[in-house]
Amino acid sequence: MIRERIQPDIRAKSNYLASFRFINIDFGKKPPQIKSWKTHADPEKKQIMLDLDISYNADIKVDAGFTEKTPIAGIKSIKLEGILRVILAPLMEDSPIFGALTVYFPHRPVLELQWTGFAHLLNIPGLQTLSEKELVNQIGQIIVAPQHFSHPLAARFDLAKLQFLEPWNALRIRVIEAKNLVAKEILTKSSNPYVVICGGGTTAKTRVIHKNLNPKWNETFEILYSDLPDQEIEFNLMSDKGVKINQQLGSCRIRIKEVPERGFIDKWIDLENVKSGQLHIKVTRLRLLSDPTQLEEVKSLFLYAGCRGNTLECFVGASNFFLVFQVLKVNEQSRPKRDNEIASAVLYTYIEKGRGLPVLQMKKDNLKALAVVQVGVEDNVKKFGSRINNGEAEWKKRFQFLIRNPLNEELKLKVHNEHNKPIGSITVRLSRLLAASEMTLQDWLPLESTEQNSEIRVKLQLRILTPDVGAPSPQGKTKAQYIKPRTKVKKH
């Protein structure tokens, strides 16, 4: 699991980590201790959840480096304490009763690591400004929801059927302001604060406001999240130190389930692990629409024009464009000055497999597809290689892209061989999806600029983001609640 899932994630963080690898992985023979457990049944979702309070304190040997034989750093012991959730789902009529087992940490566990060669890690470009605590926090994010591990229990069970595989939910987060922050600059008696937002497997941050203990950001972000239960959004306030290690100004978090199903929250939250400081946020639930006639204003427009029954369906493509224009208009009107553009849609991308791609004869007569895919919208680009070496590339990779304006943006897909030589490319204008049934395209798409008849099978789904009913406009004035930090109750 570490080599198959965590190692690729680390390599994707930076070009400097492209050859990063785990050399030795040995967790010893000491098993984790289960201190207590709880069982939850959800008949509606046909699943059973087990919450295991685990403690793991052991000597281990994990070495990493950039070549197969020369480690530069490692971990010699680990302490891990927290709630590990096990989901058995879906319920089936035949043995083994459940289709799959899913394991994850719903909340960040206590994680302590004893390093070997830690100083060598800080020589890697991009890691120089990280402290040991920040690096451990980043490692902790890899094992916390929405990251999870699923394994089929029933023969031939398709994991794609699990309801929490993709993030089909969205939140709009407004980081408004903070007050009474602690001063980290001794001479100026001030700080250079910014906020790092972590949730849904993504990380975003506000701009830095220099020399201010009561900063006002008014910046908006969107995050996508899956149906894994009890996920959180974490806010870490930091003071920028330039080339030096940034300093912490406190943190706070909210559980996604705190946001009403059809509405928003507006809160002042006390910062934890500091003497003083509060953060003001607004979080709004968003709907993801594939059929714009679900919106009353769109439906009324076409009914007024005399469209009924099947005739109304003929106008769905046109209503898609109408909906996008309306969402873009509302977003622009509600966007505060100096704020980044607000997302109006989400593009769900599934890169399945290829055919007709060039192959190379490998050792033991195995065929390995020379297919590295780079897919992106604007400056958000993902890169990954083929997973199955059967002569035809197979990826089965899912990505999501937040879209500012689907009327003029496009998806670009490029295929290279292992030597970074172009094999071909595909360009899909997102406006094409607006005219498609349910804004979905699933087909074999031919690669352009290729000598062979090569194709890639993809599934593209566009969903329009709109505030849920009952939620205020982003500029609407609401009274903020004051929330104290959660206190930990000692167990006796």
### Task
Indicate yes or no: does Lys257 engage Asp230 in a salt bridge with an N to O separation below 4.0 Å.
yes
### pair Lys179-His280: side-chain heavy atoms closer than 4.5 Å
no
### Message
Is any side-chain heavy atom of Phe20 closer than 4.5 Å to one of Phe66?
### Response
yes
### Message
Assess, by modelled atom type and distance only, whether the side chains of Gln374 and His416 contain a donor and an acceptor separated by less than 3.5 Å.
### Response
no
### Task
Give the minimum heavy-atom separation between Ser150 and Thr102, together with the two atoms involved.
OG-OG1, 2.8 Å
### Task
Report yes or no: is the cationic atom of Lys205 (NZ for Lys, CZ for Arg) closer than 6.0 Å to the six-membered ring centre of Tyr194, at no more than 45° off its axis?
yes
### Pairwise distance CG(Leu113) to CD1(Ile78) - rounded to 0.5 angstrom
5.5 Å
### Message
Counting neighbours of NZ on Lys414 that are heavy atoms of other residues, nucleotides or ligands and sit closer than 6.0 Å, is the number greater than 12?
### Response
no
### Query
Under a 4.5 Å cut-off applied to non-hydrogen side-chain atoms, are Leu465 and Ile342 in contact?
no
### Donor-acceptor contact present, side-chain Ser190 to main-chain Asn212, <3.5 Å
yes
### Task
List the atom of Ile403, the atom of Val377, and the distance in Å for their closest heavy-atom pair.
CD1-CG1, 3.7 Å
### Query
Between CG of Leu101 and NE2 of His151, what distance do you get to the nearest 0.5 Å?
8.0 Å
### Task
Verify side-chain contact (heavy atoms from CB on, under 4.5 Å) between Asp270 and Cys252, making sure each step is shown before the conclusion.
CA-CA 7 Å; Asp270 278 349; Cys252 58; over 6 Å; no
### Task
Determine yes or no for a side-chain-to-main-chain donor-acceptor pair under 3.5 angstrom, with Tyr348 supplying the side chain and Pro167 the backbone.
yes
### Message
If I compare all heavy atoms of His210 with all of Asn192, which pair ends up nearest, and what's the gap?
### Response
CA-OD1, 3.4 Å
### Message
Could you walk me through whether Val373 and Leu413 satisfy the side-chain contact (heavy atoms from CB on, under 4.5 Å) test, starting with their C-alpha distance in whole Å, then the side-chain angles of each, then the deciding distance to 0.1 Å, before giving a yes or no?
### Response
CA-CA 7 Å; Val373 168; Leu413 186 152; 4.0 Å; yes
### Query
Does Thr206 reach the main-chain N or O of Val195 with its side chain, forming a donor-acceptor pair under 3.5 Å?
yes
### Query
Nearest 0.5 Å, what's the OG1-CD distance between Thr349 and Gln400?
8.0 Å
#### Entry: Ser191 (side chain) donor-acceptor with Lys184 (main chain) under 3.5 angstrom
yes
### Task
For the pair Lys30 (side chain) and Asn57 (backbone), establish whether a donor and an acceptor sit closer than 3.5 Å, ignoring hydrogens and angles.
yes
### Query
Is there a donor-acceptor contact under 3.5 Å from the side chain of Arg172 to the main chain of Ala343?
yes
### Task
Could you tell me whether the side chain of Glu185 and the main chain of Lys211 form a donor-acceptor pair under 3.5 Å?
no
### Task
Name the orientation class of the two ring planes belonging to Phe399 and Phe401 (parallel below 30°, tilted from 30 to 60°, perpendicular beyond 60°).
tilted
### Message
Within this structure, what is the CD-CG distance for the pair Glu272 and Asn236, rounded to the nearest 0.5 Å?
### Response
10.0 Å
### Query
Is there side-chain contact between Leu224 and Thr202, with at least one heavy-atom pair below 4.5 Å?
no
### Query
Which atom pair, heavy atoms only, marks the closest approach of Pro146 to Gly200?
CG-C, 3.3 Å
### Task
Return the minimal non-hydrogen interatomic distance between Leu213 and Pro215, and the atom names on each side.
C-CD, 3.4 Å
### Query
Between Gly65 and Ile23, what is the shortest heavy-atom contact and its length?
N-CD1, 3.9 Å
### Under 3.5 Å: donor-acceptor pair, side chain of Asn214, backbone of Asn180
yes
### Query
Hey, does Pro229 have a side-chain heavy atom less than 4.5 Å from the side chain of Met49?
yes
### Query
What's the spacing between Glu232 CD and Cys198 SG if we round to 0.5 Å?
11.5 Å
### Task
Assess whether side-chain contact (heavy atoms from CB on, under 4.5 Å) is satisfied between Trp37 and Leu50, documenting all intermediate values.
CA-CA 7 Å; Trp37 67 86; Leu50 305 174; 5.6 Å; no
### Query
Where does the angle between the aromatic ring planes of Phe27 and Tyr56 fall among parallel (under 30°), tilted (30 to 60°) and perpendicular (over 60°)?
tilted
### Task
Indicate yes or no: does Glu378 engage Arg404 in a salt bridge with an N to O separation below 4.0 Å.
no
### Query
For Glu112, what residues pass the side-chain hydrogen bond (donor to acceptor under 3.5 Å, both in side chains) criterion, not counting sequence neighbours?
none
### Query
Considering only heavy atoms from C-beta outward, does the side chain of Trp268 approach that of Leu279 to under 4.5 Å?
no
### Message
What I'd like to find out is whether the side chain of His107 reaches to under 4.5 Å of the side chain of Arg255, using heavy atoms alone.
### Response
yes
### Task
Might you confirm whether atom CD1 of Ile97 has over 12 heavy atoms from other residues, nucleotides or ligands at distances under 6.0 Å?
no
### Lys/Arg-Asp/Glu bridge criterion (N-O < 4.0 Å) met for Asp227, Lys45
no
### Message
Taking atom CH2 as the centre, does Trp444 end up with more than 12 heavy-atom neighbours from other residues, nucleotides or ligands that are less than 6.0 angstrom away?
### Response
yes
### Message
Does either side chain, that of Asp63 or that of Asn24, offer a donor lying less than 3.5 Å from an acceptor on the other one?
### Response
yes
### Under 3.5 Å donor-acceptor, Ser239 side chain and Pro193 backbone
no
### Message
Please report the interatomic distance OG1(Thr203) to CD1(Ile223), rounded to the nearest 0.5 Å.
### Response
10.0 Å
### Query
Would you call Leu162 and Ile87 a side-chain contact if the rule is heavy atoms closer than 4.5 Å?
no
### Task
Could you walk me through whether Phe264 and Val259 pass side-chain contact (heavy atoms from CB on, under 4.5 Å), step by step?
CA-CA 6 Å; Phe264 69 100; Val259 185; 5.6 Å; no
### Task
Decide, yes or no, whether a salt bridge links Glu394 with Lys396 under the criterion of side-chain N to carboxylate O below 4.0 Å.
yes
### Query
Do Arg207 and Glu219 sit within salt-bridge range, that is, some charged N less than 4.0 Å from a carboxylate O?
yes
